[in-house]
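This is a predicted model, so every value here is computed, not measured.
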Amino acid sequence: MSLPELNLDKEILPKLALNDKQLEAALYFDSPLLILAGAGTGKTKTLISKIALMINSGVSASRILAITFTNKAAGEMRHRIAAIAPQSHGLWIYTFHAFGARMLRQHWQKAGLKKDFTIYDEEDQKKLIQTAIEELGLDKEKNKASVYASLISRAKDDMLDAESYMLHARVSNDINRIRVGQIYLIYEKKLSQANAVDFGDLIMKTVKLIRDDEQIKSYYQEYFRYILVDEYQDTNRAQYTLVKLLSAIHHNVCVVGDPDQSIYSWRGADIRNILDFEKDFKDARTIILEQNYRSTTNILDAANKLIKHNKGRKEKNLWTANGTGEKVSVLECLNEKDEATISAQKAAEIKNSGGKYSDFAVFYRTNAQSRNFEEAFRRYKIPYKLIGSVRFYERKEIKDALAYLRIMVNPSDSVSLERIINLPPRGIGPKALESLKAYSKARGISLYETLLDSDNIESISPSVRKGIREFIRIFDDLKNDIFSSQPHYILEKILARSGYWQMIEDLSQKDPQEALNRLGNLQELVNAIKDFEDNCEKNLEKPLLEKYLENITLQSEIDNLREDSEAVVLMTLHLAKGLEFPYVMLTGLEEGLFPINSAASDDEDMEEERRLMYVGMTRAKKKLFLSWANNRTIFGKTYPNLMSRFIFEARLIDYSRKENLKSEEKIIEAYETARPKASSGRKVAHPLYGIGRIKSVTGTGEFTKVTVTFDNGITQTFMLKFAPLEML
């Protein structure tokens, strides 16, 4: 649709308060559009304004599909659009996974699924993979379930189903890929038996559904007149294919993103999707947003200088009218404990100067770094919130309660059933469960169907049969409630009927504090479901139990971040994407830690590390602190460090004179004397791999790498500085 066709209400434009470039992007509809939006340049505001203008101009909201990357962002967009365009009811605003879930729920039969399928999260996925590994007799691979889960997820991101993956593996004659293919095939069979899908399926199956069913394809390609995608730099192959499919008729696709903030390649994101947008979509237009409304000039200058070292990017230069602001501070620390103490002192200074603890965020490269910061904040009695620790919905008692609810909706869910079949204890121990699983496998039926037929299983004792009958009765007694009762009422009944409440109360005799914590968490779960019911009521929707279970499965860690909590925020840099804080401290800026594994990184890895640094820097609004430790303890041993190259690249330290910093030569000298010499043929010990000998040594000083062949036949290459190797 071109501009003349828009029935535009001119009076709305001043209310949107857009700058010239934002307005240009909001009003452009002549061809596919790439909005190249730098950090803090108001991309969400621009996207919201564009959608609101369409709706106010007479475009039906239900014909617009907007995709974003978190449920939190989707909710905020809905709210803000409704404030500008009250007639926005029916607008499709989803994450990719939530959109896929809606499509598969609506067309479950054509997608080859059963009704009321369950969505498995990462933990469920790993449990099912462990079962597949056991069936293949690969006992040595049991502890690698997370690795196989990642490989299978990446395959689905690339639109490779199990059969296709195995075909490629056999053609390549790669024994490792063949093993993955074998696990993938059994995993998929078990997913089907459990009437379940994983996150990768939500996109891959949706793409296949639209691509392969002509009726569905023609309907949705015609139906969605406008498609808008936020954070386009983070899309994977399957998501890219979905956007291409849906926009094939109208070509009204607008993507918003920034190659400089592409930091999820390890999760399947393909930066080429945004770099090649103009090639993929004919007559595409690019509009660049460079005015930053978040940070100060000093912060942006440092970030701009840093990111210019990357080659895989689109040129832009962030600027701001916010003023020069304070200089970026580089903090040299004695060690990781000193670094944590300094972070606590900075938090106290911010609070004492009239700010809030929640104004301050501490970012780190790896989760393992959080411990020292937590200890320092506890020591100084400074409240903090750790993002990325065990989430509420991942706590044991919460997973147990949700497993009961999932069986109510989908009895075929084998992962949930195994979790709670003997919880509280009903006499259905591991041996009985193995008999049930063997019966299930032999007859190709679900585990729940096996329970219903347990009277015919000779290896099951009378006491076990009694426990099974008690278990089935819980769900039989409540099966009518799923249609007539509120979800929170169903949960309360299940916890009482199953004996789970009583089990936790009995725990209070042994560990009253633990029992109190668990009961509190379960009550909070009831409250969370009531909140869901209230939101459904506001939106004139029926609060269905399966909808609640789907919502919480699709939540991200950041969706649960409450911005009104008065506490310092601690998180990894990857979780910081999309957030902002007045004061930010980036920590651990040392070669080998950030950038991580710097000596072994190729150009692409280093560019992503640099983008991660750029993302962290551009979260800061008023003041940015960068810290590094002269020494850091790793695997119980202390080593000297080199300051991260990123500090130099941002021109925050003069190359010719490094005031108050040790010279690189002295650090290397200290490193060389701190550890025994490594040489070919030397015998070493490793806590995981055992005894071995050094096969080869490459690099020098800080960047020495050793290749070791262990007595068990395994050969591994290590960065000597970080390897827990003992010279024998």
Worksheet item: So, N310 side chain and G312 main chain: donor-acceptor pair closer than 3.5 Å or not?
Response: no
Item to complete: Using a 4.5 Å cut-off on heavy atoms from C-beta on, say whether the side chain of I271 contacts that of S265.
Response: no
Item to complete: Test E339 against T587 for side-chain hydrogen bond (donor to acceptor under 3.5 Å, both in side chains), laying out the working first.
Response: CA-CA 8 Å; E339 182 180 50; T587 65; 4.5 Å; no
Worksheet, complete the sentence: Heavy-atom nearest pair, T366 first then T572, reads C-CG2, 4.2 Å
Worksheet item: If we only count heavy atoms from C-beta on, is the L318 to T320 side-chain gap below 4.5 Å?
Response: no
Discussion item. Run the side-chain contact (heavy atoms from CB on, under 4.5 Å) test on Y240 and R272 for me, step by step, so that the C-alpha distance in whole Å, both residues' side-chain angles and the decisive distance to 0.1 Å come before the verdict.
Written reply: CA-CA 10 Å; Y240 160 83; R272 292 173 300 180; over 6 Å; no
Practice prompt. Using atom types as modelled and distance alone, determine if a side-chain donor or acceptor of K577 lies under 3.5 Å from a backbone N or O of G616.
Written response: no
Fill in: side-chain hydrogen bond (donor to acceptor under 3.5 Å, both in side chains) contacts in which one or both residues fall within residues 77-88, not counting sequence neighbours
N56-Q87
Worksheet entry | Sidechain-backbone polar pair: R619 side chain, L579 backbone, donor-acceptor under 3.5 Å | yes
Worksheet item: Can you check whether F363's main-chain N or O pairs, donor with acceptor, with Q369's side chain at less than 3.5 Å?
Response: no
Worksheet entry | Over 12 non-hydrogen atoms of neighbours within 6.0 angstrom of NZ in K305 | yes
Worksheet item: Are K351 and Y357 in a cation-pi setup, meaning NZ or CZ lies under 6.0 angstrom from the ring centre and within 45 degrees of the ring axis?
Response: yes
Fill in: Closest heavy-atom pair and its distance - I342, C333
CD1-SG, 3.7 Å
Discussion item. Can you tell me how the ring of Y384 sits relative to the ring of F377, calling it parallel under 30°, perpendicular over 60° and tilted otherwise?
Written reply: tilted
Worksheet item: Can a cation-pi geometry be assigned to K50 and F29, taking NZ or CZ under 6.0 Å from the six-membered ring centre and within 45° of the ring axis?
Response: yes
Item to complete: Using the six-membered ring of Y28, assess whether NZ or CZ of R285 lies under 6.0 Å from its centre and within 45 degrees of the ring axis.
Response: yes
Fill in: Heavy-atom check, side chain of L612 versus side chain of F594, under 4.5 Å
yes
Discussion item. Treating N19 as the side-chain partner and Q22 as the backbone partner, does any N or O pair qualify as donor plus acceptor under 3.5 Å?
Written reply: yes
Item to complete: May I have the step-by-step check of salt bridge (Lys or Arg N to Asp or Glu O under 4.0 Å) for K314 and E278, ending in yes or no?
Response: CA-CA 12 Å; K314 289 178 178 286; E278 293 95 337; 3.0 Å; yes
Discussion item. Can you confirm whether S370 sits close enough to Y364 that some side-chain heavy atom of one is under 4.5 Å from a side-chain heavy atom of the other?
Written reply: yes
Fill in: NZ/NE/NH1/NH2 to OD/OE distance under 4.0 Å, E607 and R610
no
Item to complete: Measure the spacing between CG of L34 and OG1 of T286 and express it to the nearest 0.5 Å.
Response: 4.0 Å
Worksheet item: Where the side chain of N322 meets the backbone of S295, is there a donor-acceptor pair that is under 3.5 Å apart?
Response: yes
Item to complete: Can you measure from CD (E591) to OG (S644) and round to the nearest 0.5 angstrom?
Response: 5.0 Å
Discussion item. Is the shortest side-chain heavy-atom distance between L242 and T235 below 4.5 Å?
Written reply: no
Worksheet item: Is the shortest distance from a Lys or Arg side-chain nitrogen in E374 or R371 to a carboxylate oxygen in the other one below 4.0 Å?
Response: no
Discussion item. For H574 and Y264, take the angle between the two ring planes, folded into 0 to 90°, and tell me which bin it lands in: parallel under 30, tilted 30 to 60, perpendicular over 60.
Written reply: tilted
Worksheet, complete the sentence: Between the CG atom in D230 and the CD1 atom in I48, the distance rounded to the nearest 0.5 Å is 9.0 Å
Practice prompt. Verify, without hydrogens or angle tests, whether N317 (side chain) and N304 (backbone) share a donor-acceptor contact under 3.5 angstrom.
Written response: no
Worksheet item: Cut-off 3.5 Å, side chains only: do Q261 and Y614 have a donor facing an acceptor?
Response: no
Worksheet item: When you look at E609 and R365, which way does the side-chain contact (heavy atoms from CB on, under 4.5 Å) test go after all the steps?
Response: CA-CA 10 Å; E609 286 290 297; R365 180 62 182 84; 2.7 Å; yes
Worksheet item: Under the salt bridge (Lys or Arg N to Asp or Glu O under 4.0 Å) test, which residues partner E122, sequence neighbours left out?
Response: none
Worksheet item: Got I287 and L33 here, is their nearest side-chain heavy-atom distance under 4.5 Å?
Response: yes
Fill in: Worked check of side-chain contact (heavy atoms from CB on, under 4.5 Å) between T68 and E76
CA-CA 11 Å; T68 187; E76 289 175 354; over 6 Å; no
Worksheet entry | Nearest atoms (heavy-atom pairs only) where F281 meets V243 | CZ-CG1, 4.5 Å
Discussion item. Please determine whether the number of non-hydrogen atoms from other residues, nucleotides or ligands lying under 6.0 Å from atom CZ of R237 exceeds 12.
Written reply: no
Discussion item. I'd like to know if E375 and R379 make a salt bridge, using a cut-off of under 4.0 Å between side-chain N and carboxylate O.
Written reply: no
Practice prompt. For D157, check side chain to side chain contact (heavy atoms under 4.5 Å, CB included) against everything at least two apart and list the hits.
Written response: R154, N236
Worksheet item: Do Q233 and E231 have a side chain donor and acceptor closer than 3.5 Å?
Response: yes
Worksheet entry | Distance, nearest 0.5 Å, that separates CD of E649 from CE of M613 | 9.5 Å
Fill in: Donor-acceptor under 3.5 Å (R611 side chain, S262 main chain)
yes
Fill in: 4.5 Å side-chain heavy-atom contact, I81 and I93
yes
Fill in: For V328 against A302, the heavy-atom pair lying closest together
CG2-CB, 4.4 Å
Worksheet entry | Full working for side-chain contact (heavy atoms from CB on, under 4.5 Å) between Q345 and T341 | CA-CA 6 Å; Q345 291 171 348; T341 299; 3.7 Å; yes
Fill in: Point-to-point distance, once rounded to the nearest 0.5 Å, from CD1 of I387 to CG of N367
11.5 Å
Worksheet item: If you measure only the distance, is there a donor-acceptor pair under 3.5 Å linking the side chains of E326 and T296?
Response: no
Worksheet, complete the sentence: L589 and W628 have their tightest heavy-atom pair at O-CB, 3.1 Å
Discussion item. Keeping T618 on the side-chain end and A39 on the backbone end, is there a donor-acceptor pair under 3.5 Å?
Written reply: no
Worksheet item: Roughly how far, to the nearest 0.5 Å, is the NE2 atom of H97 from the OG1 atom of T70?
Response: 13.0 Å
Worksheet entry | Any donor-acceptor N/O pair, D359 side chain to K356 backbone, under 3.5 Å | yes
Worksheet item: Would D258 and K43 pass as an ion pair if we require N to O under 4.0 Å?
Response: no
Fill in: Closest non-hydrogen atom pair between I55 and A85, with its separation
CG2-CB, 3.9 Å
Worksheet item: Do E290 and K316 sit within salt-bridge range, that is, some charged N less than 4.0 Å from a carboxylate O?
Response: no
Fill in: Heavy-atom side-chain proximity of K21 to I288 below 4.5 angstrom
no
Fill in: Enclosure of K622 NZ (heavy-atom neighbours >12, cutoff 6.0 Å)
no
Worksheet item: Where does the angle between the aromatic ring planes of F360 and F625 fall among parallel (under 30°), tilted (30 to 60°) and perpendicular (over 60°)?
Response: perpendicular
